[in-house]
Amino acid sequence: MAKEKTQYTCNECGGSSPKWLGKCPHCNAWNTLIESVAESTAPAKNRFASLAKTAEVTTLADIDATDVQRTPTGHDELDRVLGGGIVEGGVVLIGGDPGIGKSTLLLQALDSLQRSGQKTLYVTGEESGAQVAMRSRRLGLDGSQVSVLAEIQLEKILATLDHVRPAIAVIDSIQTVYSEQLTSAPGSVAQVRECAAHLTRAAKASGTAIVLVGHVTKEGALAGPRVLEHMVDTVLYFEGDTHSSFRLIRAIKNRFGAVNEIGVFAMTERGLKGVSNPSAIFLSQHSEPVPGSCVMVTLEGTRPMLVEIQALVDSGGPSPRRLSVGLDRDRLAMLLAVLHRHAGVACMDQDVFVNAVGGVRISEPAADLAVMLAITSSLRGKALPKGFIAFGEVGLAGEVRPAPRGQERLKEAAKLGFSVAVVPKANMPKKNDKAFEGLTIHPVERIEDAMTQVRNLD
Ligand code: TYD
Ligand code: MG
């Protein structure tokens, strides 16, 4: 027997190398190459031949570019992140921690699509048909006509898709599917990539919309195959902590809609229910203002939401800790340096913890000002005034930069009854608009201004 060849595959980017290296030659990540059996090269040459169709060269003007047809799933919050609904032949990857509600949501969506007359197929590789049926009973989906296939072999799944020709199929999950063509184990980079590629081709060729469920690693990336993200049309991630009942779905990539759009759900006894007005769910309920808490208005996607940023500054040991939940830790270190240098607030010997309430992840720099005010408030043991909000990006030179669409943010805060705002000068509304009634707005240009304004507030 010929000696089995091995190769090394990067579990970050999926690139391969014939020998082991500390650093992946493709994506430069360290310690990510993992040994795997090299696939025999002979069938590889024409593995995709049957899938590739020859097409003629056409000019752009001659191609029919009708707007894509979207089929609403019947769940408004899901449709919002999808950009309006399921698209024919579109491939959606949906990732999230175990137990966060991926299977629940997709089963609910399939059921309402089936009830509206679409043919659906649910392929389960993790649970048996009986388990899926049990969940559907629990969700109150009595008499559901969704077809279920408990199968993990790619070739059989493809054959079923070809035979059943559903309008939408869910593969739960892509990590359990394996192809006979490869010798590696299900869930390995090679298998996941191969199976996803075949399923994507099948979706494009048949017009079936396919939803792939993917698992997320401890680091928060889709397990192994980052490659999947560029193969598919839409990437959705579940966020939020499994202990609270709220779940967020964020569109990371969408060829058919806006990115960073957020859908908000609440997990109930009967599955996930959309929350249509989520602007106030990320505020914790203090009867009186407490030190270390500052509310900001974040605007990710198209909806402004109010999020409470909490900070705790406590005397630390010789090497103080900086920890953040829901916010970028490097950014926190930078903000502490700016706070020291430009506002004279020193936290060198202090542990600093910051948290965005409700398990929401905030990536926009408009959170900077709120983070800094929360830290100062905790350090001084002095609460910010009641009904206070702040937002704005803070630069290394101590300048406060405007946040995109500041007026919308201010309107939302005014609508929810907030009364004092410290915002970047450029975000100051021009005229006296009725929408900002009840909200006193203090424009600031620099971080030291912001500190003085806050000190003068009470
Ligand atoms: P599930 O959809 O199985 O998660 P995933 O597929 O992402 O791993 O989510 C199951 C969790 O949701 C489980 O912990 C129980 C809870 N749950 C409810 O609270 N209400 C319900 O109606 C259902 C079906 C599940
Ligand atoms: Mg599941």
Side-chain angles (χ1 to χ4, degrees), residues 73-78 81-82 92-115 120-144 146-152 157 168-178 186-187 192 195-196 199 210-225 228-229 232 234-252 262-275 278 281 358-361:
T73 59
H75 294 260
D76 291 346
E77 291 295 303
L78 181 59
V81 280
L82 286 171
V92 178
L93 175 66
I94 182 158
D97 293 332
I100 200 153
K102 301 181 292 294
S103 309
T104 305
L105 179 66
L106 291 171
L107 194 59
Q108 286 179 281
L110 281 194
D111 185 71
S112 39
L113 281 164
Q114 180 75 45
R115 281 173 208 263
T120 60
L121 177 67
Y122 183 88
V123 181
T124 169
E126 300 191 337
E127 294 161 308
S128 64
Q131 281 172 305
V132 177
M134 223 154 72
R135 177 179 292 124
S136 81
R137 303 280 191 284
R138 183 169 172 198
L139 293 171
L141 311 175
D142 297 319
S144 178
V146 174
S147 322
V148 176
L149 170 72
E151 181 58 67
I152 58 170
I157 296 173
I168 172 166
V170 168
I171 313 291
D172 191 359
S173 67
I174 187 70
Q175 269 98 358
T176 54
V177 180
Y178 77 98
V192 169
C195 295
L199 288 164
I210 293 189
V211 180
L212 305 174
V213 175
H215 289 283
V216 163
T217 58
K218 277 195 244 78
E219 291 78 41
L222 275 174
L228 282 192
E229 293 188 3
V232 301
T234 306
V235 180
L236 306 181
Y237 271 98
F238 262 99
E239 285 179 10
D241 79 59
T242 26
H243 307 294
S244 92
S245 65
F246 292 112
R247 303 280 188 274
L248 274 81
I249 299 183
R250 190 188 295 263
I252 302 291
I262 290 181
V264 184
F265 294 87
M267 181 60 95
T268 66
E269 267 310 295
R270 299 192 120 204
L272 288 161
K273 295 252 154 38
V275 178
I281 60 173
V360 60
R361 217 171 285 165

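In listed order, ligands and their atoms are each counted from 1.
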Got a second to check how far Leu272's CG is from Ile249's CD1, nearest 0.5 Å?
7.5 Å
As an exercise, state the distance from CG of Asp76 to NZ of Lys273, rounded to the nearest 0.5 Å.
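Between atom CG of Asp76 and atom NZ of Lys273 there are 13.5 Å.
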What pair of heavy atoms forms the shortest contact from [X] to [Y], and how long is it?
X      : Y      : answer
Asp111 : Ser144 : OD1-OG, 2.6 Å
Leu248 : Val264 : CG-CG2, 4.4 Å
Ser103 : Asp172 : OG-OD2, 2.7 Å
Ile262 : Glu77  : O-OE1, 4.2 Å
Phe265 : Leu78  : CZ-N, 3.6 Å

Would you say the side-chain atoms of Thr120 pair up with the backbone N or O of Val146, donor to acceptor, closer than 3.5 Å?
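Here the side-chain-to-backbone pair does not exist.
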Closest protein heavy atom (residue, atom, distance) for [atom]:
atom                    : answer
atom 6 (O) of ligand 1  : Ser103 OG, 2.5 Å
atom 4 (O) of ligand 1  : Gly101 N, 3.2 Å
atom 11 (C) of ligand 1 : Gly99 O, 3.5 Å

From the Mg ion (ligand 2) out to just under 2.8 Å, does an N/O/S atom of Ser103 turn up?
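Checking Ser103: at least one N, O or S atom is under 2.8 Å.
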Please work out which of Arg135, Met267, Arg138 has its closest non-hydrogen atom nearest to atom 15 (C) of ligand 1.
Arg138
Show the atoms of ligand 1 that are less than 4.0 angstrom away from any heavy atom in [X].
X      : result
Ile100 : 4 (O), 7 (O)
Leu139 : 22 (O), 24 (C)
Thr104 : 1 (P), 2 (O), 9 (O), 24 (C)
Gly271 : 20 (N), 21 (C), 22 (O)
Arg270 : 22 (O)

Polar-atom distance check: Glu269 versus ligand 1, any N or O pair below 3.5 Å?
yes
Can you check whether Pro98 has an N/O within less than 3.5 Å of an N/O in ligand 1?
no
Sub-4.0 Å heavy-atom contact, Thr268 with ligand 1:
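Right, Thr268 reaches ligand 1.
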For Ser173 and Glu126, test the side chains for any donor-to-acceptor distance below 3.5 angstrom and give the result as yes or no.
yes
